[in-house]
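Written below as structure tokens is the structure these notes are about.
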Amino acid sequence: MLKSMLKATVFATTLALSAGALYMPAFAEVVYNRGNSADPESLDPHKTSTVYEAHILRDLFEGLVMQDKDANLIPGAAESWTVSDDGKVYTFKLRKDAVWSDGSPVTADDFVYAFRRLENPATGAEYASMLYVVKNGEAVNTGKAKPEELGVRAVDPTTFEVTLNAPTPYFLEMLTHQSTFPVNKASIDKLGADWIKPGNLVSNGAYTLAEFVPNDHIRLVKNPKFHDAANVKIDVVNYIPTEDRSTAIKRFEAGELDSNDDIPTEQMADLKAKFGDQLRIGPYLGTYYYAIKTDKEPWSDQKLRRAVSMAIDRDFLAEKVWQNSMLPGYSMVPPGIEGYNSAIADFAEMSQIDREDEAKKILEELGYTPEKPLKMEIRYNTSENHKNTAVAIQEQLKPLGVEVTLLNTDTKTHYGHLEQKGDYDVARAGWIADYKDPESFLGISRKASGNNYSNFNNPKFEGLMDKAAAAGGNPEERMKLLSDAERVLIDDVGQIPLLYYSYKNLISPKLEGFVPNIMDIHPTRFISKK
């Protein structure tokens, strides 16, 4: 481990970079070049939604609680917490040595400010619905209450209190999500939207932001003021956007990347032979799905949505397109959550031929045939895997009278369009668990969720979700209500689940501490490099 004086030189040392290559610095910092599937749309924790952004923000910020290398809960900015007997009031004691990167203390008021900012409708946070479990959370976010009425308060500078509407079993794990991280009020007040730029960003995590060159790299450097800095072994982490998976493989092989978080699955056999145990594949709590615009004609017709969903051969997608690195998916909630039974589409047990016959019959009843085709556009973000999936579905639907066109954009543009509720027919999306609970997968289809790209709105689904939230004190009843809600979502085809994820990481043998886990979470602070 380098001496603290040498660590400080990280801030004064410029890492020589070019669009195509990364060069080692003149000093002996430990540098980790980390392939990340796409550039972030933002580095404001309240304005992000993707896994690509979460990886970076997990290094820059520290929430009340965090996750270790195994994705288990550990204390973060809070060193301890207590829960009231009724399960509704959480009291967090903050670390006395927790400071921002500018040296100012992290206080309970910082969390009060951050939670209120997340719910303030003026922020436009996609994840505002996450704090609807907090007293008055939804009322504040929908303009029916003032931010000051949110159920949070600073008891004293190091004591932060949160009051929930009902017992919420996943609340602590939810606090590991970037949307609940603290943000620095003084910096935001002074700089406005520019507060997230390199040189401006004040953060409280293991790293600080040094550079952001779009489509090239984001450079983070070790934060010497972080409370656990003595145990952080990586001095510089460069996040490299790798939308072109094939190019990423070449850069990994050349030693320009120490890891990458995805692979081109059509090369699976060759990659396994070439990289051996450097390629790590395993279960990942996530669902690959297509959002379908439920409030747009003709997609507002449930029968039409059902026909399209039935006709898609998920076994072919899993086996041929994804080379068995994914599993066929018929529910929004993937397997792997203890105590929960996913609601599976009722056609899952039918043969593919029978599904296609049924789908063709429905389409004909609605007036669509190969001679008078239904026109459908599939939007997807840049990736060989997403393109191959869309092309396969295009071919599967064509004989049934569905004429599919494809529209590809980069990841930032793709999700920006969906988040802004732009016009589309069908769009590729994926959801990775924010916490190990079915609500994480079902909450995105609620009418108030910023992640409800389909604009799905079903009163029965909403009612069951509300009942489940109120049943937090009865785990079995809550899980039953959530399963019932998922049944409504699946039967109404509010989304089209296609596959269950597996993680697919390429990891250099030089890295240690990159531990496989079902959440595929790997904070850089727990990683070292030989």
Side-chain angles (χ1 to χ4, degrees), residues 44-49 63-64 83-84 86-92 108-155 159-175 177-183 185 188 295 419-421 434-435 437-474 478 481-482 485 489:
D44 183 335
H46 295 158
K47 297 185 178 181
T48 64
S49 63
L64 292 163
V83 186
S84 62
D86 65 1
K88 293 168 64 174
V89 180
Y90 284 70
T91 304
F92 298 89
D109 283 326
D110 291 320
F111 283 95
V112 171
Y113 170 72
F115 277 40
R116 287 176 178 174
R117 182 175 183 261
L118 180 66
E119 294 310 285
N120 192 327
T123 303
E126 269 191 79
Y127 264 98
S129 59
M130 182 169 280
L131 287 189
Y132 282 9
V133 299
V134 177
K135 183 179 179 181
N136 291 328
E138 184 172 7
V140 171
N141 187 238
T142 55
K144 297 174 183 176
K146 297 178 180 179
E148 293 75 21
E149 297 178 70
L150 186 66
V152 296
R153 71 184 184 108
V155 178
T159 308
F160 176 61
E161 182 184 275
V162 184
T163 301
L164 307 181
N165 296 312
T168 305
Y170 57 87
F171 181 64
L172 283 176
E173 195 162 353
M174 188 187 78
L175 294 178
H177 190 267
Q178 70 264 24
S179 64
T180 67
F181 291 172
V183 292
K185 183 177 185 298
I188 295 172
D295 61 346
E419 291 158 8
Q420 294 161 17
K421 308 297 181 182
D434 295 319
Y435 37 89
D437 190 272
E439 198 279 337
S440 180
F441 292 90
L442 300 178
I444 63 172
S445 294
R446 301 206 65 170
K447 63 182 179 181
S449 171
N451 297 301
N452 182 7
Y453 308 138
S454 291
N455 283 351
F456 179 67
N457 185 0
N458 184 306
K460 186 176 180 181
F461 173 77
E462 295 290 332
L464 287 165
M465 291 295 290
D466 286 340
K467 288 181 180 179
N474 187 333
R478 176 176 174 273
L481 288 165
L482 287 171
L489 173 65

Kindly determine whether Phe92 and Glu161 satisfy side-chain contact (heavy atoms from CB on, under 4.5 Å), including the steps that lead there. CA-CA 6 Å; Phe92 298 89; Glu161 182 184 275; over 6 Å; no
With a 4.5 Å limit on heavy-atom distance, are the side chains of Lys88 and Thr168 in contact? no
Between Asp86 and Ser84, which heavy-atom pair has the shortest distance, and what is it? OD1-OG, 2.5 Å
For residues Leu481 and Ala471, report the shortest heavy-atom separation together with the two atoms involved. CD1-CB, 4.1 Å
Nearest 0.5 Å, what's the CD-NZ distance between Glu462 and Lys447? 5.5 Å
Hey, does Asn165 have a side-chain heavy atom less than 4.5 Å from the side chain of Glu138? no
Quick one, Tyr90 and Leu64 - any side-chain contact, counting heavy atoms below 4.5 Å? no
Ring-ring centroid check Phe456 Phe461, cutoff 6.0 Å: yes
Heavy-atom closest contact (Ala469 atom, Ala166 atom, distance): O-CB, 3.5 Å
Contact between Phe181 and His46 at the side-chain level, heavy atoms closer than 4.5 Å - yes or no? no
Could you give the distance from CG (Asp437) to CZ (Arg478), rounded to the nearest 0.5 Å? 4.0 Å
Side-chain touch Val134/Val152, heavy atoms, less than 4.5 angstrom: yes
Close side-chain approach of Asp44 and Ile188, heavy atoms under 4.5 Å: no
Reference residue Tyr127; test side-chain contact (heavy atoms from CB on, under 4.5 Å); the match among Asn451, Ile444, Thr48, Thr180: Asn451
Could you grab the distance from atom CZ of Arg153 to atom CZ of Phe115, nearest 0.5 Å is fine? 15.0 Å
Between Asp466 and Arg446 (salt bridge meaning N to carboxylate O under 4.0 Å), is one present in this structure? yes
Please report the interatomic distance CG(Leu150) to NZ(Lys135), rounded to the nearest 0.5 Å. 10.5 Å
I'd like to know if the side chain of Ser129 reaches the main chain of Ser449, judged simply by a donor and an acceptor atom lying under 3.5 Å from each other, with no hydrogens or angles considered. no
Donor-acceptor pair, side chain of Thr123 and main chain of Arg117, under 3.5 angstrom: yes
Tyr453 vs Glu419 side-chain heavy atoms within contact, under 4.5 Å: yes
Can you tell me how far the CZ atom of Phe441 sits from the CG atom of Leu489, to the nearest 0.5 Å? 12.5 Å
side-chain contact (heavy atoms from CB on, under 4.5 Å) assessment of Val162 paired with Phe171: CA-CA 10 Å; Val162 184; Phe171 181 64; 3.8 Å; yes
Is it true that atom NZ of Lys421 has more than 12 heavy atoms of other residues, nucleotides or ligands lying nearer than 6.0 Å? yes
Pairwise distance CG(Asp434) to CD(Glu439) - rounded to 0.5 angstrom: 9.0 Å
Heavy-atom pair of closest approach, residues Gly472 and Pro169: O-CG, 3.8 Å
State, to 0.1 Å, how close Leu118 and Ser179 come at their nearest heavy-atom pair, and which atoms those are. CD2-O, 3.5 Å
Taking side chain as C-beta onward, heavy atoms only, is Lys146 less than 4.5 Å from Asn136? no
Go through Asp109 and Arg116 one step at a time and tell me if the salt bridge (charged side-chain N to carboxylate O under 4.0 Å, His left out) criterion holds. CA-CA 10 Å; Asp109 283 326; Arg116 287 176 178 174; over 6 Å; no
Might you point out which heavy atoms bring Asn141 and Pro121 nearest each other, and give the distance in Å? O-CB, 3.5 Å
Any donor-acceptor pair under 3.5 Å linking the side chain of Glu173 with the backbone of Tyr170? no
